[in-house]
4 protein chains.
Amino acid sequence: MTEAAAATGGDGRQEPRARLPPEARMPQILAAAIEEFAERGYAGARMAAVARRAGIAKGLIYHYFPSKAELFQASITACARPVFEDAERRLSGFEGSARQLLADLIALAYARLREEKQERALFRLILTEAERVPELAEFYRREILDRALGIARAVLRAGVASGEFRPAAAALPGLAAVIMAPAVAGSVWQMILGEAAPDLAAMQAAHLDLLLAGLGAAP
Amino acid sequence: MTEAAAATGGDGRQEPRARLPPEARMPQILAAAIEEFAERGYAGARMAAVARRAGIAKGLIYHYFPSKAELFQASITACARPVFEDAERRLSGFEGSARQLLADLIALAYARLREEKQERALFRLILTEAERVPELAEFYRREILDRALGIARAVLRAGVASGEFRPAAAALPGLAAVIMAPAVAGSVWQMILGEAAPDLAAMQAAHLDLLLAGLGAAP
Amino acid sequence: MTEAAAATGGDGRQEPRARLPPEARMPQILAAAIEEFAERGYAGARMAAVARRAGIAKGLIYHYFPSKAELFQASITACARPVFEDAERRLSGFEGSARQLLADLIALAYARLREEKQERALFRLILTEAERVPELAEFYRREILDRALGIARAVLRAGVASGEFRPAAAALPGLAAVIMAPAVAGSVWQMILGEAAPDLAAMQAAHLDLLLAGLGAAP
Amino acid sequence: MTEAAAATGGDGRQEPRARLPPEARMPQILAAAIEEFAERGYAGARMAAVARRAGIAKGLIYHYFPSKAELFQASITACARPVFEDAERRLSGFEGSARQLLADLIALAYARLREEKQERALFRLILTEAERVPELAEFYRREILDRALGIARAVLRAGVASGEFRPAAAALPGLAAVIMAPAVAGSVWQMILGEAAPDLAAMQAAHLDLLLAGLGAAP
DNA sequence: CATGAATGAGTTTTCATTCAT
DNA sequence: TATGAATGAAAACTCATTCAT
């Protein structure tokens, strides 16, 4: 008759699900929360929906997180692992040409766009909630944008130093942002349009082509 | 009668209660709604806040829009005026070089990013609510992305035809998306970071520089 | 877009309808109100709907009636005209047999059930709102039930006096109510079931048959 | 977070907050709802009043019923138990005379009128809301009127078969409705007039007397 | 007299949070 | 730990009533 009656199956005595230690339960809740927040935004997310996604009862969330706001913060923190460690490692140990490095990094960026579901969720949260949650904007600036710009600048400097790129590549202050922009735009389009977004593989190819041509030292 | 006498109707202390014709009141409500939705997202927006912004009583909104959902739809529709007419007009009547046209269009794009507050609000709504409201994604695809890509492709073709750009510029399918990406990324950064976003003027300069160099026919 | 915009047709300048004198406007509003109250009950009725039915603007109702409650009272009073004058006149001047009189009165009652739309509306209001509006119950008792019972008793007495009915007909205190009950039940069924109600003509025939047989003096 | 911190959750001064299993809580809410709807009608009923009658918080109703409309439906369904099982059982197993059976059934009907509070409430709801809720009219036709008519017809047939009633009793199509009409009218009067209604005991006596006389075979 | 925009108190409904079990 | 019934504050929405035009 009602959902309530349906859920209890008529005898009304529910039995607790498996009793899990906190180390196991928390990631489960966090994963559910990240999904829910990413899909609905902070205000649109419902604690009951988080619980349902996690397969637990509403009340249990409050054993682990004191409030929706704190659950949100924790969700962000959980997503916000070092995104660029990989790229930075690759950069620091690199031996080959700057052109090759650029190609590698671009390939890496597009690969992440395609594959990392949680990262897309984090990005969506940042877009959606940055205005209301200053920490989100700060996190994005510090952990994502600045590090990405740093990597881009390092590559540009390396290419200019090696003579592969024309000197302007290191001198134009906005260039680092511009060369990483297609990946950002691509991820936004993926987010909004899903299947209908511009083709990422084609963008990747054109992106690399344009950069190599545009950065190239005059022959 | 019992509870019938309950509806009172206030005690008369309020503003002059201006009576406006619907043609004047509706845009006022819509503008307030656009602001509120853009700042808080659909779920976070409050009808009371819309009314406050518009300087009217809550109930009056329902005189014009039957529900929050319909007010939202109407807000979007109201924003969604032809964004690209200007650019398309410029394109069709253009006489000069493709390089010059490219520079013009880029300047136009960045100018809009800087100036049009409502357009930023619309973009924010699209990002935020596209998942919940499929029409938003469709609108973006049709009215914004496709037209922008069309303009970009037209410029590329013109430049290739005139020999200013190398032939690859028209052959790479992802290039149109790539060349407009920095403006998209720039607007996203503005949206998230505000003052702390990468400098738009510097991006504009680097963007144009990279494109002209990257598209340029080999000498 | 909105009903408001639709109603004004875009220019927003509405012109007042014909200016009518109170004598003409009041019945128009009352008729609309009776319909609305009968269909929806007091609480469910809406002033806007009354106005729509009357073809006037909401505000105009308040020129004639100070409140919903008073409009309701006035609606009842307007319905509550002497329902039984006809029957009482017929009774007082009657010359023929009591059996004939009974047949006449029963025919009259069923005819009213079939024909008088406003009377059905009044009856519905009485059923629906009597609990909340004591005046309604009092009105029913005084103007309808008591007069009907009076008529029934008079006929019974006349029939006993003339020897047509057995003496018990005047001695049983509940009989007057019982002999008029089928008409009441019939009107209730009409009200609830409309077309699907038991057939009134068949009831009328059986009703008369049963009464004549049941009241008849033993041979 | 801004307005997120708004939802507080009270300060803890209230009743013991009994926790009941759904099987216990639902009937409690339904009983409260039936009362409220019967007294005020659908439109006039207040969810807050239902909660108050049930001794619970407003919100809890929505745990069990998704909306006022569904609560209303459920209330009706809850009332609508087999009303006539008793009568039909009595009918099928009956051994004595048809006159005795008729007397028994009439006594049973009037007893119910006097005693069953919930049944009166259901009848009031049917009268009040049948127009708005077609299911109510259908329910009345199917579960109440048709079964009552069926019982009446069976008694008439039995009496004619045994020679106790004159043959016309089975031949007049409207007679079944007529013989049960006084009970219906009586319940309407009770509903409208309460204490001031015609005396039920007197009606019962007169009703039986009239029927026995009116149905009786000529000696 | 006539209109319908405007108001705001009151209703339904939602949902974060608490707590008996 | 785990559950979901229970709460209450706030949000959406309704509608009698007022009043500028």
Side-chain angles (χ1 to χ4, degrees), chain A residues 4 7-8 12-22 25 46-49 51 56-64 66-69, chain B residues 3-12 14-22 25 46-49 51 56-64 66-68, chain C residues 4 7-8 12-22 25 46-49 51 56-64 66-69, chain D residues 3-12 14-22 25 46-48 51 56-64 66-69:
Chain A
T8 55
R13 293 297 124 235
Q14 70 283 353
E15 47 219 296
R17 258 157 277 245
R19 184 186 186 107
L20 259 57
R25 200 56 100 187
R46 272 166 263 158
M47 296 299 268
I56 59 171
K58 258 180 314 169
L60 190 51
I61 298 177
Y62 290 86
H63 272 274
Y64 295 92
S67 70
K68 186 184 182 183
Chain B
E3 84 280 47
T8 50
D11 44 14
Q14 71 257 4
E15 302 295 293
R17 168 143 89 154
R19 182 198 182 89
L20 260 55
R25 193 62 88 190
R46 306 276 168 255
M47 295 299 268
I56 58 173
K58 252 183 321 170
L60 189 53
I61 299 176
Y62 291 89
H63 205 73
Y64 293 92
S67 69
K68 185 182 180 182
Chain C
T8 55
R13 292 297 126 235
Q14 70 283 357
E15 48 217 296
R17 260 159 277 244
R19 184 187 186 108
L20 258 59
R25 198 59 97 186
R46 272 166 263 160
M47 295 299 269
I56 59 171
K58 258 182 311 169
L60 190 52
I61 299 177
Y62 289 87
H63 273 274
Y64 295 91
S67 71
K68 186 184 182 183
Chain D
E3 83 281 48
T8 50
D11 43 16
Q14 72 259 1
E15 301 296 292
R17 169 143 90 153
R19 182 198 182 91
L20 259 57
R25 194 61 92 188
R46 306 276 167 256
M47 295 298 270
I56 59 172
K58 254 181 321 169
L60 189 54
I61 298 177
Y62 291 89
H63 206 73
Y64 293 90
S67 67
K68 185 183 180 182

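Below, each value reflects all heavy atoms present in this structure, side chains not excepted, and no hydrogens, waters or symmetry copies. A, B, ... follow the sequence lines: proteins, then strands. Residue 1 opens every chain.
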For the pair made of NZ in D:K68 and C1' in E:dT13, what is the distance, rounded to whole Å? 12 Å

Side chain of D:A57 only, please: which of F:dG8, E:dA16, E:dG4 is the nearest? F:dG8

So if I take every side-chain heavy atom of B:R19 and compare against E:dG4, F:dT1, F:dT17, which nucleotide ends up nearest? E:dG4

Heavy-atom closest pair, residues C:R25 and C:I56: NH1-CG2, 3.6 Å

Grab the two heavy atoms, one from D:K58 and one from D:A48, that are nearest each other, plus how far apart they are. CG-CA, 3.8 Å

Any idea which of F:dA12, F:dG4, F:dT7 is nearest the D:I56 side chain? F:dT7

Considering all heavy atoms of both residues, which atom of A:A51 and which atom of A:A57 are nearest to each other, and what is their separation? CB-C, 3.8 Å

DNA chain F: C:A48 or D:G59, which has the more 5' nearest nucleotide? D:G59

Which is true for B:I61 with a 4.0 Å heavy-atom rule: it touches a base, it touches only sugar-phosphate, or it touches nothing? nothing

Earlier contact from the 5' end, DNA chain F, for A:L60 and C:L60: A:L60

Using only side-chain N and O atoms of B:R46, determine if any of them is under 4.0 Å from OP1 or OP2 of F:dA11. yes

Name the closest nucleotide to the A:Y62 side chain, picking from F:dC19, F:dT1, E:dT17. E:dT17

Proximity to the side chain of B:L20 - top-ranked nucleotide from E:dA6, E:dA16, E:dA5: E:dA6

Would you indicate, yes or no, if E:dA6 has its OP1 or OP2 atom less than 4.0 angstrom from a side-chain nitrogen or oxygen of B:H63? no

Would you say E:dG4 has OP1 or OP2 under 4.0 Å from some side-chain N or O of C:K58? no

Comparing C:Y64 with A:P66, nearest DNA chain E nucleotide closer to 5' gives the residue C:Y64

In the strands shown, is F:dC13 matched to any nucleotide by a Watson-Crick or G-U wobble pair with both distances under 3.5 Å, and which? E:dG10

Any D:R25 side-chain nitrogen or oxygen under 4.0 Å from OP1 or OP2 of F:dA6: yes

Who is the Watson-Crick or G-U wobble partner of F:dT21, with both distances under 3.5 Å? E:dA2

Which nucleotide in F:dT17, E:dT12, F:dT1 has an atom nearest any side-chain atom of C:S67: F:dT17

